[in-house]
Each structure stands twice: as C-alpha cells, then as structure tokens.
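These notes are about the structure you will find just below.
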2 protein chains.
Amino acid sequence: MKRHVTIKDVARVAGVAPSTVSYVLNGSRAVTAETTKAVLEAVDQLKYRPNPTAQGLVSGAYRTIGVVSAQIYSQYRGRVVAGIHSALRGTGYHPIVSGIEDFAEPDEVLETVMGRGVDALIFHDHFFPPERIAELHRQMPVICVAREIDGMPDRSVLVDEVNGGYLATQHLIELGHTRIAHFVADHHFQGAAQRLAGYRKALEEAGIPFDPALVFQGDNLGDSGLRLAYELLESGVPVTAIFAANDYMAYGAILALHRRGLRVPEHISVVGYDDEHTSGFYVPPLTTIRQEPREMGRTAAEAVLKLLRGEVFRTVVTPTRLIVRESTAAPGHAG
Amino acid sequence: MKRHVTIKDVARVAGVAPSTVSYVLNGSRAVTAETTKAVLEAVDQLKYRPNPTAQGLVSGAYRTIGVVSAQIYSQYRGRVVAGIHSALRGTGYHPIVSGIEDFAEPDEVLETVMGRGVDALIFHDHFFPPERIAELHRQMPVICVAREIDGMPDRSVLVDEVNGGYLATQHLIELGHTRIAHFVADHHFQGAAQRLAGYRKALEEAGIPFDPALVFQGDNLGDSGLRLAYELLESGVPVTAIFAANDYMAYGAILALHRRGLRVPEHISVVGYDDEHTSGFYVPPLTTIRQEPREMGRTAAEAVLKLLRGEVFRTVVTPTRLIVRESTAAPGHAG
DNA sequence: AGCGTTTAGCGAAACGTTTTTCTAAAGATT
DNA sequence: AATCTTTAGAAAAACGTTTCGCTAAACGCT
C-alpha cells in the first residue's frame, strides 16, 4: 500500500546504478555534473528519502544517544534534556530518553534505552549504580552530568556545586544572618554534599561556627521542604534564614512559614537552588542559585559526539551564580 | 575492536543454522526441545542480543513513535510525555520527542522527528500547521493530544476543556463572586476558546451577564499573567476574582496582586488551570483545574499502537476536575 | 604515439536479521 | 508395505543501503 521508494527506483528513473545514486547523495566519490543532475532530478521527482534503518545496518551505528535522566518533572532537568536535543539537532544523531519515572528499576530503564541500540549514553541521575555505568563505559562512550564515577576520568559535565552553596550562604551572611539553616538535597545526589560543603565554607570564612542542629536532610520534594521547616520551627533553635538545596524544598519551606504566620523575607529569609522556571513568579520571588542546565546538556551532547569521533574530552565544570530576588533581606527587618 | 556477536556466531556455537536460532528466539516455528536448549545455551554463553537495526530492516518498521510537543518546560506537558513513555515501555516501540524549543520551525521539528524514520506520530502542540498534520495523516497513523484537526476524525485524545472552564467559574460563583475576570490561554491553543466557553456557560447559568471588559488575552507565560493583572487593576473595572487559563498565568497574577498590596484570597480569589506540580506549594496553595496528563499520554500512545495494529480507535475525551486549595474564598472576606 | 594513471560508472558483496523455499526423515493412512 | 503428510532443520532470498572491486574510457606524460 504505502510502497516505500528505494534507491533502486531512483537509479532506474535516473538511468544509473544504485551505487551511483549513493555516491551522488553522499558525495563519497566524484560524479559528473550531468549524472549528478539526473540523479537529483529523480530524487526530487520521486521524493526519495534514504531509509535510515538500512543506512544504520551497513554503517554499524544506530545514530542514537541514550539519555538516562531521573525526575524529568523538574524543569531544571527538562532543560538539560532540551540542551541535549538542541546540540544533537542536525548531527544525524537522536536522543532516546528514559528514566522519566522516578526511581524506575535500573534494569528496566536500561532495557528501554538500550533495547533499540544506542551508540553512546548520557547519564543525568544519581541512583543508577556506578558499577553498572562503569561497565557500560567499557563498551561505548558514556558521559555523566553532575556526577563523577570512579574509574571514569574526563567523562563528566560538572557544576560548581560547592561554589553554589557558598554563594547562597555568603549572600545571607552579607545581609547579616548568622543563624542559617540548610536543607540538604537528596542524599543519593553527589551535589548534595558539595552544596553542604559550600555552606560550611562560607560559614567558616565568616567565622560563624557550624551548628549541626541547623542542618536537615531533605529529599528534593516540596513536601520535604514543608516538613523540614515545621521540624526546624518546632525544634526551637533560633534561625533567621534557610538555604534550601533546591527550589522545590524552598517553596515547601516558605509555605510552612506562611502557615505559621511567618513572612518571607521579613521574618525569615529563604534561598533556593536551581532557579526553576516558576521561581521568578513565586510570592515572594525566590532568591536562588542559577546553573546553566541547557548549557550543561549541550556540553554533554557535544562531549559524546567528540568521543564518538575518537577525539578527547576533558571534564568541564560549568559555573553557578546567585540570582537575588525578594525572598532574602536583612534579619530583624520585621522588627 | 568491539566485534558484535551475531546470529551466525550463535548458530555456529549451537551447531545449527542461523534460521533455526531465529525460530527459537521468536517462537515462530516449532523446534525440538533439544535444539532449543542448545541454542539458548549458546545465546547465554555469547550474550547474544539481536541487532534491532537489522530486525527493523527486514520488518520494514522503525519501531519508533515520533512525538512533537510544544513547551516541554511545562510540567503538565512533561507528564503527557511521561505517560507516552510509560505506555510504550515493553512494547518494543520507543518515542522520539522533539519540539522542546518553543516555537521551533515546523520543518525543522519535523526533520528532527522524521529524520530517523518513525512509524507513527503524536502531536501535542498547537502551532504546527493543520494541513501539514493532515498530510502526514495520509502516510501513517497520527494522533493529536488536546487538539482536533479537520478531516481527521477519531484521531484525538481530548480533554473536557469546556467543563474545566465551567468548573472553575462555577466554583467562584458558588463562593459568591459575580465580577470574575478571565485570562485567556494562548490563542494558538484550541482549548483556549473552550475554556472561555465554559466560563461563559457558568456565568450564563448563574444569570451573570458576560462582560468583555473582564476578558484578557494571555500567552500562557507567568509574565503575561503579571502584565494582565496590572492591566486589569489599572482599568479600574471592579473585580473580585480571576480565573486564569493556566497555572503560570495565575502565578504571575498573584504576584502582581501581591505587589499592589492585594492579598489572595482575602481581596481577590484566583483559580488556575493544569495543576502544575508546584501549585500545591504556592503561597497560597492554588485552587486549579486538574486534568490527567499522564493518562492522556498513555491513551495517546495506546491509540497509536492500536492504529499500528490496524484496529480502530475512537476519539476519547478525558475528564477534568476542580482541585480546591487556598487561593479562593468568598468575596469581601478581607472586610 | 605508446604507455601508465586517473576518472566515472557499474555490479556485487556486505551489514544482521526474518521469512520463504527446499529437503530429508519420521509419522500417519489405507 | 507403499504412499501421503507432517515435522524440523538447512539453505537461500530478501530488506535498502554503502562500499569494494572491476572495467573501460579519458587523460597525462615522455
């Protein structure tokens, strides 16, 4: 019914051999202007498009990059994927994304991604077992985003998470805060410890003693920010600011404060992390740390293409910066 | 270097013909228990995995579903894609998603999706030219999400948008509001008119005259909600409630009200639409209309699979419901 | 002018499967 | 017991490309 037009049809119409059509289309060998013209006309006339599957079979490549990403619902992570898409556009490679479900079984995710055959992999998650990733690394190019794996040097696109934590905390210190709580990101996530390290570094530099009673372990969800803020308030430890390791936890925290009649930033300042798309329209607009997720995605995709071409790639660390909005102010401001 | 193990290798080790291996693996013909065992052992030993490209070549299918989605940054849309992924898992089909960029060129998007070959398409956008979609529809199964196209009966997964607009408005009317503004969704989007129709229907039923001065055309972004709310306030028309046709515009509106010293819901009630993931943690938590994006994605994917198998699919309309949170209250509540 | 070399085209092999066709042995039928 | 049918396996064709090897004509060199 929908008979596909093949290279043979083109060859027949143009009056040449199939191989000549291939040479014209790929420019892989010299062809007379005359023949070229005839072939191109036949291609146009028949609306011929090479069958990618057949091309893939002979080239031995799938022209596909597998992308494993946790928690796609985060706009931040969505933008990393968008960056990958955009860098791959026009290269002939296409991404196949999986791990949309939170914490799907590693094997299942891998099956989804690999089932169709991939030439390389990009991991942007923090739960996939490192040994499994290292094993895959031995078979094909693998790049990790915001994650480093033992035995895989120069295979990561990192963010300066320590600096992110440092900037957030330092901002609060500069405003005059000394009692700053920190809601730690999901412990599966490597950046969690680094953001915490940045937080400690800023405190130390300012001569403020680190108080473990101000540090709470979260899991990145809005609900956890809400719960931790209640916990913090009930613990009775004095506090004038909260640095949440992601925006969702910051949202939850602000809601909890609101419910307890505390206003942000008048009573308590809050800093988030990731600059989700909605954070500029939150009430109050959220001060947060911006990374460049699109840029990270692009870089990861370009790294993979480099490796595929046999070139070398060296781990890059992308910058973080502070976005000051209206959720932070000097303490005692409500007075 | 990374010599792939082929069906011939398996055949050689098992001491049978390649075709026999294929029969064993696909169960497409009877094979002795003895032979089966030998083949399976060889497969295990060599860790053989069939090459999907070669399978695709002979079957003539790509085992790929193209997905064109606008504005993936919306969590709502992301969840539709997640639903598609989840319905496709285990079927051997894989989605290839494009249109991540807002308003990318149709041709470019199509090239990205089709470049690799797809067996069917799912559209979840509102800017792709309908004639182009209808044309593709003649070549392969095509399903549209939240959109209907002339000449393509029974090719849509719809939402009861009219009811959504109705529920939101009726909720406000029940609380006692009569001056209700509506921020219309992006005009490219078919649902925009339907939500507006639901708004008018609720007003009419309650005997409240429709006032065009209360209707503002938005573009779905937070910024537009902000701008329209300022416009509304400056216009001086009396108003006690806003029904925004998506949550982002509601966020922007609430921020604008906040900036003008108006509290939600004490001074003005606000209803959103879509129930984005963050809306439950907004201050105040947002009353909104929930659709079932995952379910819609699943349904669309299942529809496509049905069509691929030659079965019939009839357009389905998925329900909408009202989620009451804390951004709505009776008017005059602030006293 | 005669010889080697480049050029441009053709035909066929190859990629790794599935599927169709063929064959020989085993089993069923009268 | 002789023929017919079923069975289980092998061999070969097919899917649509790219690429290798070959050939004949055109070209360049002395």
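Chain identifiers are assigned alphabetically (A, B, ...) following the order of the sequence lines, protein sequences preceding nucleic acid strands; residue numbering begins at 1 within each chain.
- Closest approach to the A:A54 side chain among C:dA8, C:dC10, D:dG16 is made by D:dG16 (side chain taken as heavy atoms from C-beta onward).
- Within the 4.0 Å cut-off from OP1 or OP2 of D:dC15, not a single side-chain nitrogen or oxygen of A:N51 is found.
- The distance between atom NZ of B:K8 and atom C1' of D:dA11, rounded to the nearest whole Å, is 12 Å.
- Between A:R147 and A:D125, at least one side-chain nitrogen of the basic residue sits less than 4.0 Å from a carboxylate oxygen of the acidic one, meeting the salt-bridge criterion.
- Checking the phosphate oxygens (OP1, OP2) of C:dT17, a side-chain nitrogen or oxygen of B:Y48 falls inside 4.0 Å.
- In this structure, A:Y62 atom OH and C:dT17 atom C1' are separated by 12 Å, rounded to whole Å.
- Comparing atom distances between the B:T6 side chain and each of C:dG9, D:dT19, C:dG16 picks out C:dG16 as nearest.
- Contact annotation: the side chain of B:I133 approaches that of B:C144 to within less than 4.5 Å [non-hydrogen atoms, C-beta and beyond].
- Listed candidates were D:dT18, C:dT17, D:dG16. Nearest to the side chain of B:L57 is D:dG16.
- When the nucleotides C:dG11, C:dC15, D:dA10 are ranked by their closest atom to the side chain of B:T20, D:dA10 comes out on top.
- Ring geometry for B:H188 against B:H126 counts as parallel: the plane angle stays under 30°, on a 0 to 90° scale with 60° as the upper cut.
- Taking every side-chain heavy atom of B:P50 into account, C:dT17 is the closest of C:dT17, D:dA10, D:dT17.
- For A:Y23, counting side-chain heavy atoms from C-beta on, the closest listed nucleotide (D:dG21, D:dT17, C:dC15) is D:dG21.
- Which of D:dG9, D:dA11, C:dG11 sits closest to the side chain of B:S19 comes down to D:dA11.
- Put simply, CG on B:D9 is 11 Å from P on C:dC15, counting in whole angstrom units.
- When the side-chain nitrogen and oxygen atoms of A:T35 are compared with OP1 and OP2 of C:dG9, one or more of them lie within a distance under 4.0 Å.
- Nucleic acid contact for B:G15: sugar-phosphate only, since backbone atoms but no base atoms lie under 4.0 Å from a heavy atom of the residue.
- If you check C:dT17, D:dA11, D:dC20 against the side chain of A:R29, the one that comes closest is D:dC20.
- One can place NE2 of A:H4 at 10 Å from C1' of D:dG16, the figure rounded to the nearest angstrom.
- At whole-Å resolution of the value, CZ in B:R12 and C1' in C:dG16 are 14 Å apart.
- The side chain of B:V31 has D:dG9 as its nearest neighbour among C:dG9, D:dA10, D:dG9.
- Between the CD atom of A:Q55 and the P atom of C:dG16 there is a distance of 17 Å, given to the nearest Å.
- Between B:Y62 and A:H4, the ring planes lie perpendicular to each other; the angle is over 60°, past the 30° to 60° tilted range.
- If you measure from atom CG of B:N26 to atom C1' of C:dT17, you get 9 Å, rounded to the nearest angstrom.
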